[in-house]
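This report refers to the structure that appears directly beneath it.
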There are 2 protein chains.
Amino acid sequence: MRDVARLAQVSVATVSAVVNSKQGVRPVLVNRVQDAMKALDYHPDQVARSLKVRRTTTIGVVIPEFASGFFMEVARGIEDTARPAGYSVLLCNSNDDLAQEERHLSVLFSRRVDGILLASTDPYSMGRRPFRPNVPIVLFDRVPPGYTGPAVVVDNRGAAYHAAKYLISLGHTRIALIAGRVDLSTGIERSDGFREAMEEAGLPVRAEFVKQGSFKAEGGYQAGLELLQMRDRPTAIFSVNSKMTLGLFKAIQELNVCCPDDVSLLGFDDLVLTEGFSFGELLKPELTVIAQPAYRIGCQATEMLLGILVRPRDGDPTGEASIARLKTELYIRHSVAPPASARN
Amino acid sequence: MRDVARLAQVSVATVSAVVNSKQGVRPVLVNRVQDAMKALDYHPDQVARSLKVRRTTTIGVVIPEFASGFFMEVARGIEDTARPAGYSVLLCNSNDDLAQEERHLSVLFSRRVDGILLASTDPYSMGRRPFRPNVPIVLFDRVPPGYTGPAVVVDNRGAAYHAAKYLISLGHTRIALIAGRVDLSTGIERSDGFREAMEEAGLPVRAEFVKQGSFKAEGGYQAGLELLQMRDRPTAIFSVNSKMTLGLFKAIQELNVCCPDDVSLLGFDDLVLTEGFSFGELLKPELTVIAQPAYRIGCQATEMLLGILVRPRDGDPTGEASIARLKTELYIRHSVAPPASARN
DNA sequence: CTGAAAGCGCTTACAG
DNA sequence: CTGAAAGCGCTTACAG
């Protein structure tokens with residue numbers, strides 16, 4: 001920069017001004033500076049700038065896994081909205097491990113990210129975590145009950161409620177649930193919504209019909225095996241995330257159970273591949289699922305964070321209103337049908 | 001930091017020394033400093049450090065897409081090897097758009113990343129790109145022919161060669177190819193390997209049996225539709241990436257063609273979901289594919305880059321030897337069978 | 001409109 | 001073993 005200033009015969013302050021396209025610099029000088037920059041192949045140093053302005057225009061995001069269609073869509077949404085705003089994103093994978101998550105967070109803080117987007121593997125501990133008071137953080141996907149900070153999630157309870165309702169409306173009464181992690185809002189709310197619909201319909205939620213799948217493919221697979229081998233098995237199964245659904249699907253295949261004739265399958269979260277291609281549509285039968293607006297979640301969480309970053313910080317007390325709850329959609333395909341009893 | 005120094009009654013140099021756990025500081029002072037850090041909730045500022053040491057311990061990686069099982073596995077590999085080495089990764093999505101890629105690269109440079117990992121959407125232009133002379137870059141997945149810089153790729157040609165060979169060994173003679181982008185090494189080499197095997201077997205590669213799928217699901221779908229509706233259709237189809245394979249699969253389903261009885265399908269790249277769960281195994285029939293060591297590609301590319309970063313830079317002239325070519329593996333499942341003619 | 005100077009928070013020779 | 005000082009490459013009041 002000094003070299004540029006010297007070559008252009010101006011002060012570094014002037015160079016700085018043209019680099020940041022501040023107005024009020026004489027055109028002649030602007031040109032001289034630009035020529036000098038070109039001649040010297042000068043590229044401004046963001047890190048020096050960051051040090052001075054105390055802002056890195058970087059946001060840190062930590063998600064529980066990379067190999068997830070859902071979180072990758074969210075990540076796309078984040079990047080697509082952060083980039084145009086001039087922000088870079090440091091994407092970290094906690095691998096659903098709290099220690100890893102904290103380690104990531106701490107390097108993000110030391111790298112002075114301006115804000116953080118987090119899908120915590122343990123949102124309940126948020127309160128007692130050592131966050132930095134002046135770097136805003138917005139949660140997404142998972143949020144502890146009663147959390148009042150900024151967050152964007154999906155209406156899990158409502159979605160599960162409607163899913164169960166749908167199965168019930170078809171005549172199912174023996175409906176099983178493959179539940180997710182009970183320590184995550186997503187898992188809890190989805191189970192709750194399911195239970196609510198069942199209760200409302202006066203249907204029992206049999207203990208042996210609810211299996212813990214922990215959001216893992218293997219869990220869904222095991223649960224499926226157990227459920228389908230019961231003498232008095234369910235006529236429909238609601239699986240509360242996509243990995244478990246796939247595990248369940250595998251169990252169905254292995255056991256040669258016919259879906260949807262023998263058992264209906266309703267999953268949470270669609271498996272999109274590319275625009276217009278969902279894995280759910282490639283399977284036999286095509287999967288009926290509740291689809292989450294993953295990309296939008298990413299966009300909105302980022303917008304929320306960016307909003308906080310520009311606002312005077314002491315403006316709003318990040319009230320109750322700051323948690324956005326997006327709608328899901330039920331994609332009716334072919335894995336759900338009325339139970340055999342209702343078909344005769 | 002000054003505050004810490006003052007509270008601990010030492011100089012900032014000493015604080016710096018304990019922060020970086022340099023040895024040779026009197027234990028008493030170490031303790032005093034650590035206590036002071038705790039008391040003041042002091043956290044070292046990486047960006048200031050970076051400015052001084054002229055190193056950010058950050059690597060930039062740009063991949064052509066987020067919503068890709070392959071690239072996400074690579075990303076996992078990258079993160080998993082970069083993190084333990086103390087490096088953060090700035091992950092960018094070029095969306096297979098050259099302009100976007102260059103924009104990302106330029107912000108990565110301005111943020112002073114120490115090195116770059118790139119799966120370029122146009123590796124051929126590498127030579128005339130405005131890279132920074134002193135930030136090393138290692139390519140992966142795609143590499144222009146004749147490229148001599150560091151890179152890690154897969155033995156595409158060999159993999160395709162063996163895949164075709166496998167189909168031929170089963171008795172197939174009318175084998176179609178759904179080719180990928182012809183301007184990418186991956187696309188070219190896979191087609192070449194296929195052709196080589198065919199020639200070697202004295203089999204014609206009929207012009208109407210090779211379709212351009214451009215590595216896209218839609219392309220595979222269209223190609224499939226055309227191929228399968230020929231009066232004299234192929235008995236086997238080799239699809240050169242996973243998206244096209246899925247598109248092709250959809251076409252097969254829609255047309256109600258029986259696979260593998262009527263047509264065999266061999267794909268490139270497996271679709272892993274989670275450890276132990278591949279999408280390819282969930283489809284009917286389960287897909288026979290060439291699997292790439294995606295995670296390993298990420299690890300190795302990162303190791304290579306890290307290696308360059310520690311080495312004296314003027315050490316080796318990044319010779320020919322620096323391009324690593326990993327092996328693939330053929331996963332034989334159920335979408336390939338001998339042609340009907342050979343079965344009778 | 002432009003320049004000289006201070007300073008962002010660190011590290012690193014250099015003395016002592 | 002430790003401290004004082006310079007400097008990394010910028011930006012930003014502050015004069016002029």
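Each chain gets a letter, A, B and so on, in the order its sequence line appears, and its residues count up from 1. Everything quoted here is computed from the prediction, not taken from an experiment.
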Query raised in the report: If each of B:V53 and B:V25 is mapped to the nucleotide of DNA chain D with the nearest heavy atom, which maps nearer the 5' terminus, i.e. the 5' end?
Result: B:V25
Report task. From the options C:dT12, C:dA5, C:dG3, select the nucleotide whose nearest atom is closest to the side chain of A:S11. Result -> C:dG3
Query raised in the report: So, A:D45 and B:R132, do they make that salt bridge, N to O below 4.0 Å?
Result: no
Query raised in the report: Can you check the A:Q23 CD to C:dT2 P distance for me, whole Å?
Result: 13 Å
Query raised in the report: Can you tell me if the side-chain N/O atoms of A:R2 get under 4.0 Å from OP1 or OP2 in D:dC10?
Result: no
**Report entry** For atom CZ of A:R55 and atom C1' of D:dC10, their distance in whole Å
**Finding:** 13 Å
Requested in this report: Rounded off to whole Å, could you give me the CG-to-P distance for the B:N20 and D:dT2 pair?
Outcome: 16 Å
Report summary line: Checking D:dC8, C:dC10, D:dT12 against the side chain of B:L51 (C-beta onward), the nearest is D:dC8
Query raised in the report: Closest to the B:L29 side chain: D:dT2, D:dC10, C:dC10?
Result: D:dT2
Query raised in the report: Looking for any heavy atom pair under 4.0 Å, which part of the strands does A:V10 touch: base, sugar-phosphate only, or nothing?
Result: sugar-phosphate
Requested in this report: Considering just the side-chain nitrogens and oxygens of B:R49, establish if one lies under 4.0 Å of OP1 or OP2 belonging to C:dG9.
Outcome: no
Query raised in the report: NA contact type, A:V19, heavy-atom cut-off 4.0 Å: base, sugar-phosphate, or nothing?
Result: nothing
Report task. Using a cut-off of strictly less than 4.0 Å, decide whether A:R112 has a side-chain nitrogen or oxygen near OP1 or OP2 of C:dC8. Result -> no
**Report entry** Whole angstrom value for the distance that separates P of C:dC10 from NE2 of B:H43
**Finding:** 11 Å
Report task. Respond yes when some side-chain nitrogen or oxygen of B:T14 is under 4.0 Å from OP1 or OP2 of D:dG3, and no when none is. Result -> yes
Report task. Could you check how far CD of A:Q46 sits from C1' of D:dT11, rounded to whole Å? Result -> 12 Å
Query raised in the report: Can you name the nearest heavy-atom pair linking B:D183 to B:Y124, along with the distance?
Result: O-CE1, 2.8 Å
Query raised in the report: Can you find a donor-acceptor N/O pair under 3.5 angstrom joining the side chain of B:K52 to the base of D:dG7?
Result: yes
Report summary line: Assert: residue with more 5' nearest nucleotide on DNA chain D, out of B:R26 and B:V12, is B:R26
Requested in this report: Could you state the atom-to-atom distance from NZ of A:K22 to P of D:dT11 in whole Å?
Outcome: 7 Å
Query raised in the report: Would A:D35 and A:K38 pass as an ion pair if we require N to O under 4.0 Å?
Result: no
Report summary line: Note: A:R76 and B:F66 closest approach over all heavy atoms is CG-CB, 3.6 Å
Report task. Carefully, step by step, assess B:F70 and B:Q292 under the rule side-chain contact (heavy atoms from CB on, under 4.5 Å). Result -> CA-CA 8 Å; B:F70 174 74; B:Q292 301 192 71; 3.7 Å; yes
Report task. Check every strand shown and say whether A:V47 touches a base, only sugar-phosphate, or nothing at a heavy-atom separation below 4.0 Å. Result -> nothing
Query - Length of the line joining A:Q9:CD and C:dC1:P, which is rounded to integer Å - result: 21 Å
Requested in this report: Could you give me the stems involving DNA chain D, meaning stretches of three or more consecutive Watson-Crick or G-U wobble pairs whose two defining distances are both below 3.5 Å?
Outcome: C:1-3 with D:14-16, C:5-12 with D:5-12, C:14-16 with D:1-3
Query raised in the report: Quick one: is D:dC10 close enough that its OP1 or OP2 comes under 4.0 Å of any side-chain N or O from A:S16?
Result: no
Query raised in the report: What is the distance from CZ of B:R111 to P of D:dC8, rounded to the nearest Å?
Result: 23 Å
Query raised in the report: Less than 4.5 Å apart, any side-chain heavy atom of A:L7 and any of A:V4?
Result: no
Query raised in the report: Taking the side chain from B:S125 and the backbone from B:D122, do they hold a donor-acceptor pair closer than 3.5 Å?
Result: yes
Report task. Mind listing the closest non-hydrogen atom pair of A:F140 and A:A301 along with its distance? Result -> CB-CB, 4.4 Å
